[in-house]
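Below is one structure, written out as structure tokens; the observations come after it.
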Amino acid sequence: MVHGRKILLGVTGSIAAFKAVFLARELMRRGAEVRVVMTAAATEFVGPLTFATLTGHRVYSDFTEDADQGTWTNHVDLGLWADLFLVAPATAETLAAFASGACSNFLQAVHLSSRCEVMVAPAMDLDMFAHAATQKNLLTLRERGVLVVEPGSGALASGLEGKGRMEEPDRIADAVDAHFLARAPWRGQRVLITAGPTHEPIDAVRFIGNRSSGKMGVALAAEWAKQGAEVTLLLGPTSIAPPAGCAEVVRFETAEELNALAQARWPEADWGIAAAAVADVRPAFAHKEKVHRADLPAAIPLAPTPDILAQWGASKRTNQRLVGFALETDEGRASAESKFHRKQLDCIVLNTLLDDGAGFQTDTNKVSIYAGANWHTFELKSKAAVAADLVAFLHPYCYPS
Ligand code: CTP
């Protein structure tokens, strides 16, 4: 769930600041974009260059960037940029400042101007943490919606033992992950997606295929995973890499293989999304060896392949939803509506090769969506943006999980 999120990491003046380096690295390993804000005290423990090198972005710690030039750092922009403001380590001083609304350094100004949620990972000595004032500040922050990653117990920098050491970076990253999952609109929904072309063998080297790249299906899998769905991606022969965050990715070559995978998984799915360009026919007989030119037949007998989507439709339970795709070479609405009814769909996504930039191989697409009433037409966009539109469009059709 951390993948693709913008996390503003606030580092304050505690010896645990060194652990924030590992935290930044762990968040980035999970796919987050990380920017760092430090207090002056934090820079005494870890140099800003460490974070700047690690994240590839300058570190923010002061209002002025270049006093001579009159340039200043916009704390408002940083606050608006972030999906989460994570302060780790958060000292007793910073917690008190957050609770009272103080604005005496750059990090505190970012706190006051941020619109995203705030998470703090306190780090201090055990008596400071247990002090009534600190506990009152934490209560105030919690009541205000600030998320608190409780410190762990163990040896402290003072030589004492007790509760107060900042939680380990992995566990804080898990808390960030859980935070995004809890708010993800598609959490609990199991989405089964077919994507890519099929290759139907003629012999050991030749096949009947099509021009599908699988880009649209892969973009949909990425978007649904980002929105918290449990995604199973059945991906055909394509060089496009499957996205991060899928619960399961299974590769297939032929329509028959796809059908076996798709039907086995369908009973467990809440949604079936048929983005694959499945061959309608296959050679009735596939030679195991290469057939030499002189032996090639004048005609290749063909046999129909299973219609995967139609089978999903025929066995659909009332709480399952089905989305089909129609790629047409004409205006296409009548044909798409016929598929919508014939295959018992809840929604069909139409793209037509009449539109420049739509269809196979491209990085863009232009779609119209029909869910049984009106057609909704979208602009030409990147396939990632089309996927975001489609996933947002479908969300009201979810059953509560
Ligand atoms: N589909 C499928 N299995 C097939 C053929 C198609 O699951 N054997 C799915 C596609 O993934 C797509 C939808 O059905 O979501 C429509 O595909 P399309 O090829 O346009 O439909 P066909 O039923 O094959 O109709 P036609 O070729 O006559 O346009």
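Counting starts at 1 for both ligands and their atoms, following the listed order. Start at 1 with the first residue, then count along the sequence.
- Regarding atom 7 (O) of ligand 1, its nearest protein heavy-atom neighbour is L309 N, 2.9 Å.
- A salt bridge is defined here as a Lys NZ or Arg NE, NH1 or NH2 lying under 4.0 Å from an Asp or Glu carboxylate O, and D203 with K288 fails to meet this definition.
- Atom 29 (O) of ligand 1 has its nearest heavy-atom neighbour, among R342, Q311, K339, K343, in K339.
- For the pair R333 and Y370, the NZ or CZ position fails the cation-pi test of under 6.0 Å to the six-membered ring centre and within 45 degrees of the ring normal.
- Considering backbone and side-chain N/O atoms, P306 comes within less than 3.5 Å of an N/O atom of ligand 1.
- Considering both main-chain and side-chain atoms, D280 comes within under 3.5 Å of ligand 1 through a nitrogen or oxygen pair.
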TODO: Go through the steps for F340 and L350 under the test side-chain contact (heavy atoms from CB on, under 4.5 Å), then give the verdict.
DONE: CA-CA 10 Å; F340 173 89; L350 166 68; over 6 Å; no
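- A distance-only check finds a donor-acceptor pair linking the side chain of R251 to the backbone of T238 [under 3.5 Å].
- No part of A277 comes within 4.0 Å of ligand 1, judged by heavy-atom distances.
- Ranking protein heavy atoms by distance to atom 12 (C) of ligand 1, first place goes to F325 O, 3.0 Å.
- The side chain of T305, and not its backbone, has at least one atom closer than 4.0 Å to an atom of ligand 1 (non-hydrogen atoms only; side chain from C-beta on).
- With hydrogens and angles left out, the side-chain atoms of S158 and D125 include a donor and acceptor closer than 3.5 Å.
- Distance remark: protein heavy atom present below 4.0 angstrom from atom 17 (O) of ligand 1.
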* Determine, step by step, whether T318 and Q320 satisfy the side-chain contact (heavy atoms from CB on, under 4.5 Å) criterion, reporting the C-alpha distance in whole Å, the side-chain angles of both residues, the deciding distance to 0.1 Å, and the verdict. => CA-CA 6 Å; T318 47; Q320 286 181 305; over 6 Å; no
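- Using a distance-only test at 3.5 Å, with no hydrogens or angles considered, a donor-acceptor pair links the side chain of T305 to the main chain of D280.
- Under 4.0 Å from ligand 1, heavy atoms of D307 appear from its side chain as well as its backbone.
- Within the 4.0 Å heavy-atom criterion, the part of A276 lying near ligand 1 is the backbone and not the side chain.
- With respect to atom 4 (C) of ligand 1, the closest heavy atom belonging to the protein is V278 CB, 3.5 Å.
- When A274, G332, S338, A275 are checked for heavy-atom proximity to atom 15 (O) of ligand 1, A274 turns out nearest.
- Defined by atom type and a distance below 3.5 Å, a donor-acceptor pair is missing between the side-chain atoms of E337 and S335.
- For ligand 1, the atoms sitting less than 4.0 Å from at least one non-hydrogen atom of G324 are 15 (O), numbered in the order shown with element in parentheses.
- Checked by atom type and distance alone, the side chain of N137 pairs as donor or acceptor with a backbone atom of A133 at under 3.5 Å.
- The N/O atoms of I308, backbone and side chain alike, include one that comes under 3.5 Å of an N/O atom in ligand 1.
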